[in-house]
Number of protein chains: 2
Amino acid sequence: MNIGQAAEASGVSAKMIRYYEQIGLIRPSARSDNNYRVYGEDEVHVLRFIKRARSLGFSLEETERLLALWQDRSRESASVKAVAVQHIADLKRRIAEMEGMVKTLSHLAHCCGGDGRPDCPILEDLAGHVPPPIPAASRSRRRAP
Amino acid sequence: MNIGQAAEASGVSAKMIRYYEQIGLIRPSARSDNNYRVYGEDEVHVLRFIKRARSLGFSLEETERLLALWQDRSRESASVKAVAVQHIADLKRRIAEMEGMVKTLSHLAHCCGGDGRPDCPILEDLAGHVPPPIPAASRSRRRAP
DNA sequence: GTAGGGCTTCCCATCATGGGAAGGTCAAGG
DNA sequence: CCTTGACCTTCCCATGATGGGAAGCCCTAC
C-alpha cells in the first residue's frame, strides 16, 4: 500500500503521515524499490489509532504516550486512565473558560440594540466603560466619576 | 510612557505590543529621541481594549474589526453585534465539540479499571475495538525482496 | 567608569496542519 | 516509443498568538 492508500484507509492525510514519521510518532515505513513508502494493515491500524486519539482531542504528545501503552502488553490500565483523566480535566477547564466568554458575550449581545444606532454595550464593555480615544472628541461619561 | 510601563498599565506584554504594531493592529507609536516607543493614555486605552477582546476569545482579526468599529463614531451597533454573535456561535460550536469528547472519554474512563491490569476500554476504543499490532521489532517487515 | 535595567531589532520555537515547487516514477493510451 | 497524468519524493514556507533569547544601544545610580 502506498501512502495515498494508507491515507485513504486511515483518514490521516499523506502529509500528516510523513510528519508523524518525521517527529518519531510512527516508525519509518518500509520503502519499495522506487523509494515510495509502503504500508501494511498494521501501520494503517496505528494511523487509525492516532486519528481517533486526535479526534478525542489528545495532543500528539499524549497520543504518543497512549500509543506506547497500547503497544505495551504489560501496561497497567491505570496509566492509560491517568492520561485520559488528565485530558478530561483539561477539556473541562477549557470548556468552562469558553462558557464564561459565552455568558458574558451573550449578555452584552442581548443588551445591544443591533440596529442602526452607534450606541453599543459590547464596545462599552471592551472599552472598560469609558469612551474611545483615537477620534479624540466627546468626553461624555456614562458612569459617575 | 515607555513600552514597559504601557505593558504594565494595559496588561499586554511589551513583546505583544511590538507584535501588534508590526501586524498593523495598532499604529506605530511615537518615538523619543533615543528611539524608544512612547505611549500615552490613549494608546494604553487601546491596548486594554485589545486585551479585553482577547480575553473574551476574539481573534486578533475580530479584535481589529471591533477596534475599527469602536473608533468609528458613525458605526451601527448591528455591525458590532454581528461580530459578537458570530463569535458566540463559534464558541458554542467548539464547546459542543469538546463536550462530545468529554462525554466519550468520561464513559471510557468510567469503564476503565484504572488498576494494575492491562485491560483497558480506553485503548480498545482508540484501537477501534481490535487488538494492537507492532508490539516490537519482531514484526514482519514488508521490504521489497 | 561601570553595573544594572530597560529599550531596540532580529531570529527561533511552539502545535498541528496545509500549500506548493521541483523532480522522480509508473501505468495507460496514442 | 513518447506523452500525459497521477502518483510519489524532499524541501521550504505559512498559519495564530505568544514567548525566549541574543547582540547591542541608552540611561541612571553609585
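Values reported hereafter were calculated over all heavy atoms of this structure, with side chains retained and with hydrogens, waters and symmetry mates removed. Throughout, protein chains are lettered first and strands after them, A, B, ... in sequence-line order, and every chain is numbered starting at 1.
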### Task
Give a yes or no on whether the backbone of A/I3 and the side-chain of A/R37 come within a donor-acceptor separation of less than 3.5 Å.
no
### Query
Dot-bracket for DNA chain C, 5' to 3', counting Watson-Crick or G-U wobble pairs under 3.5 Å, with [ ] for crossing pairs and | for inter-strand pairs?
||||||||||||||||||||||||||||||
### Message
Categorize B/R18 for me: base, sugar-phosphate, or nothing, with a 4.0 angstrom heavy-atom threshold over every strand shown.
### Response
base
### Task
Take the protein atom OH of A/Y39 and the nucleotide atom C1' of D/dT9, then report the distance between them rounded to whole Å.
12 Å
### Contact check, side chains of B/F58 and B/L67, non-hydrogen atoms, under 4.5 Å
no
### Message
Judged by each residue's nearest nucleotide on DNA chain C, which is more toward the 5′ side, A/Y19 or B/Q5?
### Response
B/Q5
### Query
Do the side chains of B/S106 and A/I88 get nearer than 4.5 Å, heavy atoms only?
yes
### Query
Between D/dG19 and B/S13, is there an OP1 or OP2 to side-chain N/O distance shorter than 4.0 Å?
yes
### Message
Rounded to whole Å, please give me the gap between NZ in A/K15 and P in D/dT9.
### Response
11 Å
### Query
Does a side-chain N-to-carboxylate-O contact under 4.0 Å join A/R93 and A/E97?
yes
### Message
Counting C-beta onward and ignoring hydrogens, is there a side-chain heavy-atom pair between A/H107 and A/T104 closer than 4.5 Å?
### Response
no
### Query
Which residue, A/N35 or B/R54, contacts DNA chain D at a nucleotide closer to its 5' end, judged by nearest heavy atom?
A/N35
### Task
Report the distance from atom CD1 of B/I17 to atom P of D/dT18, rounded to the nearest whole Å.
12 Å
### Query
Is a salt bridge present between B/E61 and B/R65, judged by a nitrogen-to-oxygen distance below 4.0 Å?
yes
### Task
May I have the distance from B/Y20 (atom OH) to D/dG19 (atom P), rounded to whole angstrom?
8 Å
### Task
Mind telling me whether A/F49 and A/W70 have parallel, tilted or perpendicular rings, with 30° and 60° as the class edges?
parallel
### Query
Do side-chain atoms of A/H110 reach the backbone of A/L105 as a donor and acceptor pair under 3.5 angstrom?
no
#### Entry: Nucleotide interval of DNA chain C bounded by contacts with chain A (heavy-atom cut-off, under 4.0 Å)
C/dA16 to C/dC26
### Whole-Å gap separating P (D/dC25) and CG (B/D33)
18 Å
### Ion pair A/D115/A/R117, N-O distance below 4.0 Å
yes
### Query
Which sits closer to the 5' end of DNA chain D, B/N34 or B/L60, going by the nucleotide each is nearest to?
B/L60
